Amino acid sequence: MRTEEILAAIGTGLWSWDSSAGTVSLDAEAARLLGLPAEPTVRPGAEVRPRFHPADWDEVDGVVNFAIAEDTVAEARLRVVDDGGTVLRTVRSRSKPVPVGPPAGPDEYVLMGTLEEVAHASDATAVRTPLTGDWRRSREAFLLDAGRALAEAASTEEVLRVAGSLSMPGFSPNGLAVFGVTGDRLSVIGHYGPGDGDAEPFTDMPLDTDHPAAEAARTGQAIYLSSPEEYRRRFPVTWPLDRPFERRSWAFLPLVASGRTMGAWMAGFRHSVAFSPDERSVLTTVARMLAQALTRAGAAETERALSMGLQRAMMPSLGPGIPGLSVAARYIPTGGGLQVGGDWYDMIQLPNGRIALVIGDVQGHDVRAAGLMGQLRIALRAYAAEGHRPDAVLSRASRFLAGLNDAYVPVEGEDELTAARFATCLYAEADPDTGNLDIARAGHPDPVVVSVDGTAAIRQTAGGLPLGIEKDTDYPTTQVLLEPGETIMLCTDGLIETGGHDMATGWTRLRPILEKPTEELEALADALVQAVHGPGSHYLTGPLVDRREDDIAVLVLRREGTRTRRQPGRRSAMIIAQAEPERVSAAREQVRALLHDWSDGEQVDSAVLMVSEMATNVLVHTDGDALLVAELTGERGERRLRVEVADASDELPHKRRPGEMASSGRGLMLMEMLADAWGVDPQGEGKCIWFELYESEDPAELRLAGTS
């Protein structure tokens, strides 16, 4: 059995109203319900529309417009009349308006749904009243929908749009206007009606004008005008301005929030409305919800404007261009409360001609975090301007923040542990001529270096405690060399950990963005933000997205220029100090990151093992530090890895024959077995031990050749 037959058996018909074509399609049951021959038909809309009671049709028009705006189902009860206006029956319509795409206009749609007869619809009272169906149920449903829509409106513009789409059950208006009070003036701030120029006569008028909207705003009392005669009698001066709109009834209600009248709301009707107690109750409830929504939206917009002003005041501009370097930065605030948090970045011109890049994160996302961020930023600028090195700048900043914590008086309900705040920070002093960066780090995420061939690797640097935890703390300095064309990214943990990620998975998410070829740093900074929050994210120059888990600060620096082919494709250098044996582990990870796309995984393991042996030997058998330099050159599949470890000792290593239980003495034996080439070169002061590995497109072939 077909669907149409099943629906017909239960007295339900199908219909489709195409507003763009002006036609109505009816199946046999729908045609019967509308008093037409019981057969499928397509009729002009102008022929079908008179089949409904005029008052009911006004209601349907508003319900459909509201359903389009809110993407919901339109439901209404309609009286079907014959050619003489006699009511034949009442039908319930449930339909889904589907907007017609371009090139159709914005008000064109296809209304598809069902019609079914209401059994008790022949009640005589239903014929004489414009309120069809179950009035109270329709009213409650309307108020719930209107309250939800107004509560979700986030801006004044959106509140006004929702207000313009309201369609009240049984007495839908054909014109709506919202008036706002500014000083002693009343003006239309939102208007919806059949004509674009309807609000022009009322755009600006004194509050003491003899107009019903002005009186409602002045007195705080609602005004109901059931007929043109009543309007003309009560407001003869302004009646000529409203007469051209050919309305029959008006309601003007004050918009009151927190005891303050902020304006008035007008609903105009083409048909006569008696404004019964139920109808007045609906209008009053809507006016209260509208006033509350406008107040919330206004407060949110004021807060956003304040936040944007604070952001612009507290976040620096990057200033004029720096010869030899390109810089881009982004700051994305958290979405809760005051949208200024503890993350910040800065760029400082130093007395020695270098540039200081600073990025940091003060604990918390509240006003105090923002205040501490501002104070700490100023202090860092002052210490940098005095000419201190990166380690001294961070040491002084830590002492400064610890002093602020000691002087802070906790507010009521705040304990001393939560009152004390710390901050992470990374301070880099860059030399535009050489590409040298001296980096000191206070509990902050390590930087990421992107080589010219697009490889992105975390550059592990020495670090100390976050600022403010101890007054006297040392911050070791790590030197990073940026080759021409290389990029370094500094960021706060919000960029990495947002979305439930940890440091490992967050880095995995960002790595493809950093390795994608990008000529412009601004585009790279945008792509990093969008990878976390999507294309709707905005910063400083745009509207704020309302929900964020954490602040985000990003600073991207690129050394300008292009390498020659003779220069290394990738290069990594680091110092392993006697006092920092844990740096051997960092050296292993650095080499592994350098070889992340090497074709033979066993060779990668061999390189890591040899680096560990070489660096450990320096720490064990000498009194000085080790300088490790790793370079990767050549085309992929035919590359060469050369690793050098230099120290200040003149004693050359020699092969040993360690016993079975010996814990050392195997370093040179391992290099002889695993390296394609190796050697020891005496230098002016000290020596350099090195090894080389050669990549093969066929790792199995390479291993076979090595055993032959």
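Side chains included, hydrogens not; waters and symmetry mates left out as well; all remaining heavy atoms used. Every value quoted in this text rests on a predicted model; they were computed, and no experiment measured them.
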Peer 1: Would you please say whether a donor-acceptor pair under 3.5 Å links the side chains of Glu560 and Ser326?
Peer 2: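 On atom types as modelled, these side chains qualify, holding a pair under 3.5 Å.
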Peer 1: Any salt bridge linking Asp453 with Arg636? Criterion: basic side-chain nitrogen under 4.0 Å from a carboxylate oxygen.
Peer 2: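 A salt bridge is absent here (no side-chain N lies under 4.0 Å from a carboxylate O).
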Peer 1: Do you know which two heavy atoms are closest between Arg588 and Ser612, and how far apart they sit?
Peer 2: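 That would be NH1-OG, 3.1 Å.
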Peer 1: Once rounded to the nearest 0.5 Å, what's the spacing between atom CG of Asp526 and atom CD1 of Ile513?
Peer 2: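 Going from CG on Asp526 over to CD1 on Ile513, the span is 12.0 Å.
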Peer 1: How close do Glu497 and Asp502 get, heavy atom to heavy atom, and via which atoms?
Peer 2: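 Heavy atoms only, the tightest pair is CG-C, 4.2 Å.
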Peer 1: Determine whether Leu490 and Tyr427 make a side-chain contact, defined as any pair of heavy atoms from C-beta on separated by less than 4.5 Å.
Peer 2: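 Leu490 does not reach Tyr427 side chain to side chain.
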Peer 1: From Asp676 CG over to Phe691 CZ, what is the distance, rounded to the nearest 0.5 angstrom?
Peer 2: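 Taking CG in Asp676 and CZ in Phe691, the distance rounds to 10.0 Å.
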Peer 1: Kindly say whether Thr461 contributes a backbone atom to a donor-acceptor pair with the side chain of Asp446 at under 3.5 angstrom?
Peer 2: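 Here the side-chain-to-backbone pair exists.
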Peer 1: I'd like to know whether CD of Glu386 has more than 12 heavy-atom contacts from other residues, nucleotides or ligands below 6.0 angstrom.
Peer 2: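 Atom CD in Glu386 is packed in, count exceeds 12.
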Peer 1: Let me know which of Leu465, Leu467, Asp474 forms a side-chain contact (heavy atoms from CB on, under 4.5 Å) with Ser398.
Peer 2: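 With Ser398 as partner, side-chain contact (heavy atoms from CB on, under 4.5 Å) holds for just one option, Leu467.
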Peer 1: Take Arg389 and Asp438 through the test side chain to side chain contact (heavy atoms under 4.5 Å, CB included) and record every step on the way to the result.
Peer 2: CA-CA 9 Å; Arg389 297 288 295 161; Asp438 294 323; 2.6 Å; yes
Peer 1: So, are Arg330 and Glu522 salt-bridged, with charged N and O less than 4.0 Å apart?
Peer 2: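 Yes.
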Peer 1: Do the side chains of Lys687 and Asp647 get nearer than 4.5 Å, heavy atoms only?
Peer 2: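 Answer yes - side chains close enough.
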Peer 1: Are the side chain of Thr622 and the backbone of Val618 linked by a donor-acceptor contact shorter than 3.5 Å?
Peer 2: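 Judged by distance alone, yes, a pair lies under 3.5 Å.
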Peer 1: For a 4.5 angstrom cut-off between non-hydrogen side-chain atoms, does Val532 reach Leu510?
Peer 2: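 Yes; the side chains approach each other to less than 4.5 Å.
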Peer 1: Checking Thr518 side chain against Lys516 main chain: does a donor-acceptor pair fall under 3.5 Å?
Peer 2: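 Checking the backbone N and O of Lys516 against the side chain of Thr518, a donor-acceptor pair under 3.5 Å is found.
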Peer 1: Look only at the side chain of Asn405 and the backbone of Arg421, and say whether a donor-acceptor pair between them is shorter than 3.5 Å.
Peer 2: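 The answer is yes, because a donor-acceptor pair under 3.5 Å joins these two groups.
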Peer 1: Looking at Ser599, is its backbone amide N or carbonyl O close enough to the side chain of Glu695 to form a donor-acceptor pair, meaning the two atoms are under 3.5 Å apart?
Peer 2: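 Such a contact is found between Glu695 side chain and Ser599 backbone.
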Peer 1: I'd like to know if the side chain of Glu638 reaches the main chain of Glu635, judged simply by a donor and an acceptor atom lying under 3.5 Å from each other, with no hydrogens or angles considered.
Peer 2: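 Pair absent, no side-chain N/O of Glu638 close to backbone of Glu635.
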Peer 1: List the steps and the verdict of side chain to side chain contact (heavy atoms under 4.5 Å, CB included) for Thr478 and Gln460.
Peer 2: CA-CA 9 Å; Thr478 303; Gln460 295 189 354; over 6 Å; no
Peer 1: Between Trp690 and Val680, what is the shortest heavy-atom contact and its length?
Peer 2: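 Closest heavy-atom pair between Trp690 and Val680: NE1-N, 4.0 Å.
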Peer 1: Determine the minimum heavy-atom distance between Ile348 and Val358, stating which atoms define it.
Peer 2: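 In terms of heavy atoms, the two residues are closest at CD1-CG2, 4.0 Å.
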Peer 1: Begin with the C-alpha distance, continue with both residues' side-chain angles, and end with the deciding distance and a verdict on side chain to side chain contact (heavy atoms under 4.5 Å, CB included) for Asp343 and Met373.
Peer 2: CA-CA 7 Å; Asp343 290 21; Met373 179 266 286; over 6 Å; no
Peer 1: Return yes if some donor-acceptor pair links the side-chain N/O of His444 with the main-chain N/O of Cys491 below 3.5 Å, else return no.
Peer 2: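 Side chain of His444 to backbone of Cys491, a donor-acceptor pair under 3.5 Å: yes, one is there.
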Peer 1: Less than 4.5 Å apart, side chain to side chain, heavy atoms only: is that true for Tyr475 and Val393?
Peer 2: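 Side-chain contact under 4.5 Å: no.
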Peer 1: Determine whether Leu404 and Gln375 make a side-chain contact, defined as any pair of heavy atoms from C-beta on separated by less than 4.5 Å.
Peer 2: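 Contact flag for Leu404/Gln375 side chains = yes.
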Peer 1: Whether the side chain of Thr508 engages the backbone of Ala504 through a donor-acceptor N/O pair (distance < 3.5 Å, no angle test) should be reported.
Peer 2: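 At least one qualifying donor-acceptor pair exists.
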Peer 1: State whether a side-chain donor-acceptor pair under 3.5 Å links Glu692 with Tyr694.
Peer 2: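 Side chains of Glu692 and Tyr694: pair found under 3.5 Å.
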Peer 1: Has Ile575 got more than 12 heavy atoms of other residues, nucleotides or ligands less than 6.0 Å from its CD1?
Peer 2: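 No, not enclosed.
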Peer 1: Are side-chain heavy atoms of Met347 and Leu557 found at a separation under 4.5 Å?
Peer 2: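 No, side chains not in contact.
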Peer 1: Ignoring hydrogens and angles, state whether a donor on the side chain of Asp361 or Thr424 is under 3.5 Å from an acceptor on the partner side chain.
Peer 2: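 Thr424 and Asp361 do not have a side-chain donor-acceptor pair below 3.5 Å.
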Peer 1: Would the distance check show the side chain of Asp625 and the main-chain N or O of Gln578 forming a donor-acceptor pair, the cut-off being under 3.5 Å?
Peer 2: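 Looks like yes, one N/O pair under 3.5 Å.
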Peer 1: Counting only heavy atoms not in Asp681, do more than 12 sit closer than 6.0 Å to its CG atom?
Peer 2: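 Yes, enclosed.
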Peer 1: From Ile689 CD1 over to Met614 CE, what is the distance, rounded to the nearest 0.5 angstrom?
Peer 2: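 With rounding to 0.5 Å, CD1 (Ile689) is 5.5 Å from CE (Met614).
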Peer 1: Rounded to the nearest 0.5 Å, what separates atom CD1 in Ile552 from atom OG1 in Thr498?
Peer 2: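 The OG1 atom of Thr498 is 4.5 Å from CD1 of Ile552, to the nearest 0.5 Å.
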Peer 1: Measure the shortest side-chain to side-chain distance between Ile355 and Gln349 over non-hydrogen atoms and say whether it is less than 4.5 angstrom.
Peer 2: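 Result yes, sub-4.5 Å side-chain heavy-atom pair found.
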Peer 1: Closer than 3.5 angstrom, by distance alone: can the side chain of Arg559 be matched with the main-chain N or O of Thr434 as a donor-acceptor pair?
Peer 2: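 Yes, Arg559 side chain to Thr434 backbone: donor-acceptor pair under 3.5 Å.
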Peer 1: Got Leu350 and Glu429 here, is their nearest side-chain heavy-atom distance under 4.5 Å?
Peer 2: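 Yes, side chains in contact.
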Peer 1: Which heavy-atom pair separates Met574 from Ala587 by the least distance, and what is that distance?
Peer 2: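 Where Met574 meets Ala587 most closely, the heavy atoms are SD-CA, 3.6 Å.
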Peer 1: Can you check side chain to side chain contact (heavy atoms under 4.5 Å, CB included) on Tyr345 and Val327, steps first, answer last?
Peer 2: CA-CA 12 Å; Tyr345 64 85; Val327 185; over 6 Å; no
Peer 1: Show the nearest heavy-atom pair for residues Val554 and Val556, with the distance to one decimal.
Peer 2: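 That would be CG1-CG2, 3.9 Å.
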Peer 1: Supply the atom-to-atom distance Thr492 OG1 to Ile332 CD1, rounded to the nearest 0.5 angstrom.
Peer 2: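 With rounding to 0.5 Å, OG1 (Thr492) is 10.0 Å from CD1 (Ile332).
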Peer 1: Going from CG on Leu628 to CD on Gln590, what distance comes out if it is rounded to the nearest 0.5 angstrom?
Peer 2: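 The distance works out to 9.0 Å.
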